[in-house]
Peer 1: 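Dumping the structure here so I can ask a few things about it.
Given the structure is predicted, the values throughout are model-derived calculations rather than measurements. Hydrogens, waters and symmetry mates are skipped; everything else that's a heavy atom, side chains included, is used. So that the names make sense, note that chain A is the first sequence line, chain B the second, and so on, each numbered from 1.
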There are 2 protein chains.
Amino acid sequence: MPYPAPQGFLFSGVQAGLKASGKRDLGLIYCARPGLAGAVFTQNLFPAAPVLYDQSLIPLRDFRALIVNAGNANAATGAKGVKANLNMASAAAELLEVQREQVLTSSTGVIGQQLDLDKIIAALPRLHNELSAQPENFSQAILTTDLVPKLAQAQLNWQGKSYQVLGVCKGSGMIMPNMATLLAYVLTDAPITPDKIQEITLKLAERSFNCLSVDTDTSTNDSFFLLTSDPQAEVDSSLQEALFQSLLQVSQDLAQQIAADGEGAKHLIEVSVKQARNAAQAKSVMMSLLNSPLVKTAIHGQDPNWGRLLMAIGKGLVDEAPNLPISITLQGVEVFTQGEPQKFDYAALSQSLGKFEVSIEVDLKLGSAALTGWGCDLSREYIAINADYTT
Amino acid sequence: MPYPAPQGFLFSGVQAGLKASGKRDLGLIYCARPGLAGAVFTQNLFPAAPVLYDQSLIPLRDFRALIVNAGNANAATGAKGVKANLNMASAAAELLEVQREQVLTSSTGVIGQQLDLDKIIAALPRLHNELSAQPENFSQAILTTDLVPKLAQAQLNWQGKSYQVLGVCKGSGMIMPNMATLLAYVLTDAPITPDKIQEITLKLAERSFNCLSVDTDTSTNDSFFLLTSDPQAEVDSSLQEALFQSLLQVSQDLAQQIAADGEGAKHLIEVSVKQARNAAQAKSVMMSLLNSPLVKTAIHGQDPNWGRLLMAIGKGLVDEAPNLPISITLQGVEVFTQGEPQKFDYAALSQSLGKFEVSIEVDLKLGSAALTGWGCDLSREYIAINADYTT
């Protein structure tokens, strides 16, 4: 990691035996002093037990710890699951000598199976003993079908002081977050006020995790937390704006890492929509492109089949005149302009689509709104991951 | 075919050379007397040239013929494509000695390539000579990635008379129709009035092709036509109701055939949503299940992973309280009841998911609206079809 972790935070990640693979599956973020937590959660109407619990506490003014398990989502587990989650929070609070109401929880994994609380309680002392300023073990403990851990950093230098921003997240499948994504934590030691933290969290989500889709599915456990170890009653407005840019950089970096590690992904796809009438229209067209299986398979096959891009754009546009004179650019090559197909070197563009990063730009020529988002291609491996195993 | 074709209609389908495979690719429906045509079309905002042309004529009171080509969608082809479509209609009209305005057109195939009109014009005399009351060659000529032709029939006996209803359609990929589906024709010799035909066509679409999704993508060419060879100024209302049921039976049969022949499909999935608050809610939940890649891959893998069903239902519900006490039934086995998971024989249900037809029933317990729709599983073959070839 190029920078130190934000001051005041400690991390750990251990093996509790919840994952059949035997990998790390229990993680802890500890705040050495009372911090501040904002969060946004899944809009799925079957939210997991930890989501319901966290929603009752956010924004949390005296945040001290967040405990996360992987291998089990604690979703669709009924009253028993709610109780298990509360017990997980209580046990962590007792060990850390803080109040239960200062502890947040997250779970991720299979939906509909009861949590094995005994395994978690047995692992808690090790989780406590291994706390350190290194977030790597924590970043591993929260993974499920992810192939790689996902960390991002930024440093903000402001009036002679240095502030750190650290992001950690997991996510690979069941990813089309709606107001949040599956387990993302962005931490800072820069000051944030309690009355602003939720607004900042929502704005970050809107331009990072909410511009992301691996497979159109919205999890029962999506949660995005913004944590600071330095809550303040007042913050200079220019520092707040500078901090927002650092937080956004880290959040967007994490969103791109999720798309790049999408289940079965061989390509990271970035879609930029320009000159839309408004943000909602830009998002509708962007998501229609990111979610289209025919666009995703064309890119997987390195096929510059721009007709499918046009199809997806036309599906995402609503309440407009047919056959608008839009422009479409694929890997820097303009393939469609002013309602007429363009001549291009098909073989060269196909070869260019062999790169890991694929860029699609759409200019709607209707207004001044713009938005960029991320997704991935659709491969046989996605089918294998999701048809051959229960995940 | 168990019944004769509706009186007054003749059909043909020949090889014009538009398909690289050399299969039949030009079809004609001819009405021996002035008929009546209603139609609904794609809501994609880049509609194909034939869609724009047909929209200007529908409802068509003196319908005489409909010419269809496969192998080229004539979509995103600009002004040149519009002209080619008009010339296709004119050439057919001249040969059949009818007015150009009495001829409808359809195209299906690759988007963004210019139509080879010369091949179509050269094949027109053969298309004319081969007209007969047998719809089989026509049903083959309109196919693209479909593996099988799709025909359906019903016979309506009413006050001593027999009326015939015949449906022919194509569709396998890029299938999530929005007000229509990709090339479906339902024909009858029963009387329909010009002022009712569009209303009947819309109602049929809403309960058949609009309850269908193979892969969430909406084509530029979706068109559903209702054709009668017996237009009348007035029709007995009880005959009209009986006829609607026959037309609906044939339309739903066609929609199921498209789902069953979805690209790469190994399973036909039927989703029934009951006791929804209203039709829009039933449709939202139904489509969320039919469109979820994680539900589709679970069924492909014969995995009774009902947590994914719950996830998709929770994504499709909006503006409701979390964790409603719904019930979910999979292949007749209730797997989730009143917010609590149910015990069931996992191995037996997995084996039952080996059947071609898979049924998912959701009881929302909120109101009295109900809706049934169709989709298919997601397999490696879908990826192969759409990543390895330009379609």
Peer 1: Can you measure from CG (B:L294) to CG (A:D215) and round to the nearest 0.5 angstrom?
Peer 2: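 That separation rounds to 4.5 Å.
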Peer 1: If we define contacts as heavy-atom pairs under 4.5 Å, which of B:N323, B:L378, B:N291, B:I313 has the most with chain A?
Peer 2: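 The candidate making the most pairs under 4.5 Å is B:N323.
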Peer 1: Non-hydrogen contacts under 4.5 angstrom with chain B: give the residues of residues 77-86 of chain A involved, or none if there are none.
Peer 2: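 Expected list: A:T77, A:G78, A:A79.
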Peer 1: For B:P341 and A:A76, which heavy atoms make the closest approach, and how far apart are they?
Peer 2: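 Shortest heavy-atom contact: CG-O, 3.2 Å.
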Peer 1: Let's test your reading of the structure: which of A:G307, A:G314, A:A73, A:A75 forms the most heavy-atom pairs below 4.5 Å with chain B?
Peer 2: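 Highest number of pairs under 4.5 Å: A:G314.
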Peer 1: Side chain, backbone, both or neither: which part of A:V318 has an atom under 4.5 Å from a heavy atom of chain B?
Peer 2: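 Contact with chain B is through the backbone of A:V318 alone.
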Peer 1: Can you see which heavy atom on B:H300 is nearest to which on A:I383, and at what distance?
Peer 2: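 What the structure gives for the nearest pair is CD2-CG2, 4.0 Å.
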Peer 1: Measuring heavy-atom distances to chain B, does A:I299 have an atom under 4.5 Å in its side chain, in its backbone, in both, or in neither?
Peer 2: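 Contact with chain B is absent: no heavy atom of A:I299 under 4.5 Å.
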Peer 1: Apply side chain to side chain donor-acceptor pair (under 3.5 Å) to B:K355 and list each qualifying residue two or more places apart in sequence or on a separate chain.
Peer 2: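 If we apply the side chain to side chain donor-acceptor pair (under 3.5 Å) test to B:K355, skipping adjacent residues, there are no hits.
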Peer 1: In Å and rounded to the nearest 0.5 Å, what is the CZ to CG distance from A:F46 to B:L309?
Peer 2: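 If I round to the nearest 0.5 Å, the distance is 11.0 Å.
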Peer 1: When rounded to the nearest 0.5 angstrom, what is the spacing between CG in B:N44 and CG in A:L317?
Peer 2: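 Those atoms lie 8.5 Å apart.
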Peer 1: To the nearest 0.5 Å, tell me how far B:L45 CG sits from A:M311 CE.
Peer 2: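 That separation rounds to 13.5 Å.
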Peer 1: Heavy-atom distances under 4.5 Å only: say whether B:E340 touches chain A with side chain, backbone, both or neither.
Peer 2: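 Looking at B:E340, just its side chain touches chain A.
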Peer 1: Contact between A:N386 and B:R308 at the side-chain level, heavy atoms closer than 4.5 Å - yes or no?
Peer 2: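 When only atoms from C-beta onward are counted, B:R308 and A:N386 do touch, with a gap below 4.5 Å.
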